[in-house]
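A quick write-up on the structure given underneath.
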Amino acid sequence: MRVSQLFTKTSKTAPGDEVAKNAQLLIRAGFIHKEMAGVYDYLPLGKIVLNKIIDVIREEMNAIGGNELSLTALQQKDVWEASGRWNDEVMDVWFKTKLASGSELGLAPTHEEPLTKLMKSFISSYKDLPVYPYQFQIKFRNELRSKSGLMRGREFWMKDLYSFSRTQEEHDTFYEKMSEAYDRVYARLGLGEITYKTFASGGSFAKYSHEFQTLSPVGEDKIYVHEGKKIAINEEVYNDEVLADLGVSREELVERTAVEVGNIFTLGTKFSDALDLNYTDEDGTSKRVIMGSYGIGPSRVMGLIAEHFSDDKGLVWPENVAPAKVYLVRIGGDQAVAHADTLYDELIAQGVEVLYDDRDERPGAKFADAELMGIPYRVTVSDRLIGAGQYEFTPRATGETSLLTGGELLAKLN
RNA sequence: CGGGGUGUGGCGCAGUUGAUAGCGCGCUCGGUUUGGGACCGAGAGGUCGAAGGUUUGAGUCCUUUCACCCCGACCA
């Protein structure tokens, strides 16, 4: 992509009404735009980052048998009344609206009910199970207070997978596989080191649920971390019983603030009871389907990564989620243009994603933008280096520049 | 939803005791520049969140209202 073709621009200043670092940097770099409190547009570069996060999650969900689908955002009242969650006192984050006919509708805050109902059309035998449908979708939640930029929005992206299993054992096995898949997701997103599988309250069908909590000063949750076991306990269940269950003592735990970047939850038969989702087992008897739900908020993850991987110059994207691998800076006249154009074509031919700064700007402005946007590698083509057949190569994270030949450069970026 | 704060060109801000708005960035044009967000000159762009009120006169005072931010409560 050529920078001259991007309609977005960078800004030296952040909007005065944004305090959260993730929002300030993402807006300054032109990745997102604020529409209203807790509601953001994803601009071209931001959309690429969001897509990359989604792609990582998708690969891991597919690897454990997920079936991607797309459910509707408009929700019928009846489906939710079956579980009692249409009631505003039970679920206080509803955005409700009406059809022209006057019928009430809701904007989906989550999808257990509609999906459970949908699956009634496809699940009837033990042979139809287990199944793992999932989706990436914008959820709507009427939060009393949205905050922290992308971290808590009223409209946000969510990956939600739901498991439908025959037995508790089958469910438990999948639950564990999902936990491992989540570990791989966060590792690939560069958050593995600071993300902890955290014990949280389980609801009526399991003693615990698990949250994936990433350490961050902007976190809303307080957790107690056990470094040795790489686990943590949410403060809501931080008690002697849990400590005993996990075989840890208070002295081994450290209190930290963290951001919930995902959760896995055993639902049991809560929704299959409410909506009457059954299957016929091998012995001919009818049984309830055992369910689980598994969420990750890609938009929140994006905010967290922006918040975590940044410095005084701007964003510092991990390679797996960066909008491009290389920021190609061109300095100089016709000769530099010709060389940069050629290198751009070569990199593209090699499958390297490049953001080519072909603007007629001064070098300082290009360098500053490359840093603000946080592209992992900056490559500089300039008149003064062409004679020597050299290119400058500068990793964003270290800022250390080395001089490479064309061959060395292509090898390094491959 | 309770408490606190803020709304002035696209963005960041200033506007003294009331007298129909100013700076920086950005933008346009001309020229000079060209390895760390260039410089000079000339321009365009706002009725000051909205509504009502006080006053000869309101960005400045009063009332109402909307929006945004922070803390708390609540939540992916």
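Quick note on labels: first sequence line is chain A, next is B, and so on, each numbered from 1.
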Distance check, [atom1] atoms only: [N] and [M], in whole angstrom units.
N	M	atom1	value
B/G46	B/G22	C1'	11 Å
B/U64	B/G10	C1'	30 Å
B/C11	B/U56	P	37 Å
B/U8	B/C69	P	14 Å
B/G2	B/A73	P	16 Å
B/G24	B/C71	P	35 Å
B/C48	B/G37	C1'	31 Å
B/G59	B/C1	P	32 Å

Could you state the [atom1]-[atom2] distance from [X] to [N], rounded to the nearest angstrom?
X	N	atom1	atom2	result
A/D360	B/A38	CG	P	12 Å
A/F7	B/G10	CZ	P	18 Å
A/E18	B/G5	CD	P	21 Å
A/I296	B/A76	CD1	P	15 Å
A/R330	B/G36	CZ	P	18 Å
A/R359	B/A38	CZ	P	11 Å
A/F212	B/A76	CZ	C1'	14 Å
A/L144	B/C1	CG	P	7 Å

Distance (rounded to the nearest 0.5 Å) between A/W94 CH2 and A/L105 CG: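 That separation rounds to 9.5 Å.
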Would you mind pulling out the nucleotide paired to [N], Watson-Crick or G-U wobble, both distances under 3.5 Å?
N	value
B/U32	B/A38
B/A73	none
B/C23	B/G12
B/U6	B/A67

A/I331 vs A/F367 side-chain heavy atoms within contact, under 4.5 Å: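 Yes, close enough: below the 4.5 Å cut-off.
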Close side-chain approach of A/I223 to A/E235, heavy-atom, < 4.5 Å: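 Not touching, per the 4.5 Å side-chain cut-off.
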Does [N] have OP1 or OP2 sitting under 4.0 Å from an N or O in the side chain of [X]?
X	N	result
A/K34	B/C69	yes
A/R154	B/A76	no
A/R362	B/G37	no

Under-3.5 Å donor-acceptor pair between A/E361 side chain and B/G36 base: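 Answer is no: no donor-acceptor pair is held.
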Donor-acceptor pair under 3.5 Å, A/D369 side chain vs B/G37 base: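 Yes.
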A/V93 vs A/K12, nearer the 5' end of RNA chain B by closest nucleotide: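 Counting from the 5' end, the first nearest nucleotide belongs to A/K12.
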Most 5' of A/E392 and A/T13 on RNA chain B, judged by nearest nucleotide: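 Between the two, 5'-proximity favours A/T13.
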With heavy atoms under 4.0 Å as the rule, sort [X] into base, sugar-phosphate or nothing.
X	answer
A/E143	base
A/S299	nothing
A/E371	base
A/L385	base
A/G153	base
A/T10	base
A/G16	sugar-phosphate
A/E211	nothing
A/K366	nothing
A/R28	base

Lys/Arg-Asp/Glu bridge criterion (N-O < 4.0 Å) met for A/D360, A/K366: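 No salt bridge links A/D360 with A/K366.
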Residues A/K207, A/E241: salt bridge by 4.0 Å N-O rule: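 Looking at A/K207 and A/E241, the cut-off is met.
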Whether A/F367 stacks on the six-membered ring of B/G37 base, 5.5 Å and 30° limits: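 Here A/F367 fails the 5.5 Å or the 30° condition.
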Which of these nucleotides, [options], is closest to any side-chain atom of [X]?
X	options	result
A/D17	B/C70, B/G12, B/C68	B/C68
A/D92	B/C70, B/G36, B/C74	B/C74
A/R145	B/A73, B/G26, B/C68	B/A73
A/R300	B/C11, B/C27, B/A76	B/A76
A/F156	B/A73, B/C27, B/A76	B/A76

A/T198, A/V254, A/L253 screened by side-chain contact (heavy atoms from CB on, under 4.5 Å) with A/Y224, the one that passes: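 Between A/Y224 and the candidates, side-chain contact (heavy atoms from CB on, under 4.5 Å) is satisfied uniquely by A/L253.
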Single hit among A/L347, A/V379, A/L410 for side-chain contact (heavy atoms from CB on, under 4.5 Å) with A/V352: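 Only match with A/V352 under side-chain contact (heavy atoms from CB on, under 4.5 Å): A/L347.
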Whether A/Y208 and A/H210 hold their rings parallel, tilted or perpendicular, with breakpoints at 30° and 60°: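 Aromatic pair A/Y208/A/H210 classed tilted.
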A/A206 backbone acceptor or donor facing A/T266 side chain under 3.5 Å: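 Side chain of A/T266 to backbone of A/A206: no pair is present.
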